[in-house]
Asks: 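I have a structure I would like to understand better, so I am pasting it below and will then ask my questions one at a time.
One is the number of the first residue; the rest follow in order along the sequence. Side-chain atoms are counted along with the backbone in the values below, which use heavy atoms only and exclude waters and symmetry mates.
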Amino acid sequence: MTGSASTGLVLVADDDAAIRRSLERGLRLSGFTVLLAEDGPAALRLLGGQAPHVLVLDVSMPGLTGTEVCRSLRARGDETPVLMLSALDEVADRIAGLQAGADDYLVKPFALEELVLRLHALLRRRPAQAPASDVLRAGPLVIDGGSRQVHHEGTELHLTRREFELLVQLVRNAGIVLTRDQLLDRVWGYDFEVRSDAVDTFVSYLRRKLEEGGRPRLIHTVRGVGFVLRVPEDRSGA
């Protein structure tokens with residue numbers, strides 16, 4: 001271990017030995033301490049004795065995929081930031097990873113500099129992700145920041161960490177249109193050019209859960225601008 005000189009401890013799990021060697025060398029030169037795993041089970045074994053600050057998981061590892069590793073971590077309450085790697089820019093793969101609780105997605109081949117920027121973004125936002133231990137209310141929504149529970153008309157909604165953080169931003173700014181760039185910065189922490197379809201993807205997840213059972217829409221799209229949460233009583237600009 002490099003101790004306090006390290007930018008952070010990153011676990012890289014990829015079944016391609018050449019990619020593992022390349023990422024280990026590049027990430028170490030960028031100031032990270034690096035743990036390596038050749039597949040999903042090895043990653044979970046390492047996680048049993050280590051507490052990395054961020055994970056880089058290949059989507060298509062044999063035996064246990066990166067998506068399955070991520071889902072396993074989230075199921076046991078582990079909220080360590082996860083960046084998924086894939087050799088294919090397939091929407092289905094990206095959505096599966098995000099639904100499993102991943103925080104970001106990068107398609108191979110990629111520049112090491114972009115991976116490092118994304119890891120720094122995930123690490124930078126990590127301490128600020130925990131919302132204040134207060135209760136937010138917007139129409140039928142009640143959000144408890146301490147317990148990270150969300151209730152809609154008394155029914156508890158089960159949200160992923162990223163869905164929760166996105167909803168908190170929209171509720172805190174109820175009635176105010178937030179652009180995709182603002183949401184990327186506040187929820188994902190990106191300060192460089194990145195595809196903003198992650199925002200649209202997570203808004204769709206949130207809508208599905210908020211509108212289950214025929215409940216009215218709360219999150220509205222403002223075409224060409226972004227998204228706004230409007231409680232039913234707020235009919236302005238509808």
Asks: Report the hydrophobic cluster partners of Val222, with the cluster defined as I, L, V, M, F, W, Y residues connected by side-chain heavy atoms closer than 4.5 angstrom, directly or transitively.
Replies: Val177, Val225, Val228
Asks: Can you measure from CG (Leu36) to CG (Asp14) and round to the nearest 0.5 angstrom?
Replies: 10.0 Å
Asks: Could you check whether atom CZ of Arg137 has more than 12 heavy atoms from other residues, nucleotides or ligands sitting under 6.0 Å from it?
Replies: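 Counting other residues, nucleotides and ligands, CZ of Arg137 stays at 12 neighbours or fewer.
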Asks: Would you say Glu211 has more than 12 foreign heavy atoms packed within less than 6.0 Å of its CD?
Replies: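 Correct, the count exceeds 12.
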Asks: In Å and rounded to the nearest 0.5 Å, what is the CG to CD distance from Leu157 to Gln149?
Replies: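 Leu157 atom CG to Gln149 atom CD measures 11.0 Å (nearest 0.5 Å).
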Asks: Examine distances only and state if a side-chain atom of Arg230 and a backbone atom of Arg217 form a donor-acceptor pair shorter than 3.5 Å.
Replies: no
Asks: Quick one: pull up CG in Asp39 and CG in Leu57 and give me the separation to the nearest 0.5 Å.
Replies: 11.5 Å
Asks: Out of Arg20, Met84, Lys108, which residue meets the side-chain contact (heavy atoms from CB on, under 4.5 Å) rule with Asp58?
Replies: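 Only match with Asp58 under side-chain contact (heavy atoms from CB on, under 4.5 Å): Lys108.
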Asks: Check Lys209 with Glu163, please: is the shortest side-chain N to carboxylate O separation under 4.0 Å?
Replies: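 Between Lys209 and Glu163 there is a salt bridge, with a charged N closer than 4.0 Å to a carboxylate O.
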Asks: Do Glu24 and Arg21 meet the salt-bridge criterion of a basic N to acidic O distance under 4.0 Å?
Replies: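 No salt bridge links Arg21 with Glu24.
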Asks: Please check if Met61 and Leu115 belong to a single hydrophobic cluster, counting links between Ile, Leu, Val, Met, Phe, Trp and Tyr side chain heavy atoms closer than 4.5 Å.
Replies: no
Asks: Can you tell me how far the OH atom of Tyr105 sits from the OG1 atom of Thr201, to the nearest 0.5 Å?
Replies: 11.5 Å
Asks: List the residues meeting ring pair (Phe, Tyr, Trp, His ring centres under 6.0 Å) with Phe202, not counting sequence neighbours, and say none if there are none.
Replies: Trp188, Tyr205
Asks: How far does CG of Leu206 sit from CZ of Arg208, to the nearest 0.5 angstrom?
Replies: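 Output value for this atom pair is 10.0 Å.
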Asks: Show the numbers, then the answer: is there a side-chain hydrogen bond (donor to acceptor under 3.5 Å, both in side chains) between Arg207 and Thr221?
Replies: CA-CA 11 Å; Arg207 280 177 171 159; Thr221 302; 2.7 Å; yes
Asks: Pairing donors with acceptors under 3.5 angstrom, does anything connect the side chains of Asp78 and Thr80?
Replies: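 Yes, because at least one side-chain N or O of Asp78 sits under 3.5 Å from a partner of the opposite role on Thr80.
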Asks: Report yes or no: does Asp144 contribute a side-chain atom to a donor-acceptor pair with the main-chain N or O of Ser147 at less than 3.5 Å?
Replies: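 Answer holds: yes.
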Asks: For Phe32, does its backbone N or O pair with a side-chain atom of Arg28 as donor and acceptor, under 3.5 Å?
Replies: no
Asks: With rounding to the nearest 0.5 angstrom, report the CD1 to CZ distance, Ile143 to Arg148.
Replies: 10.5 Å
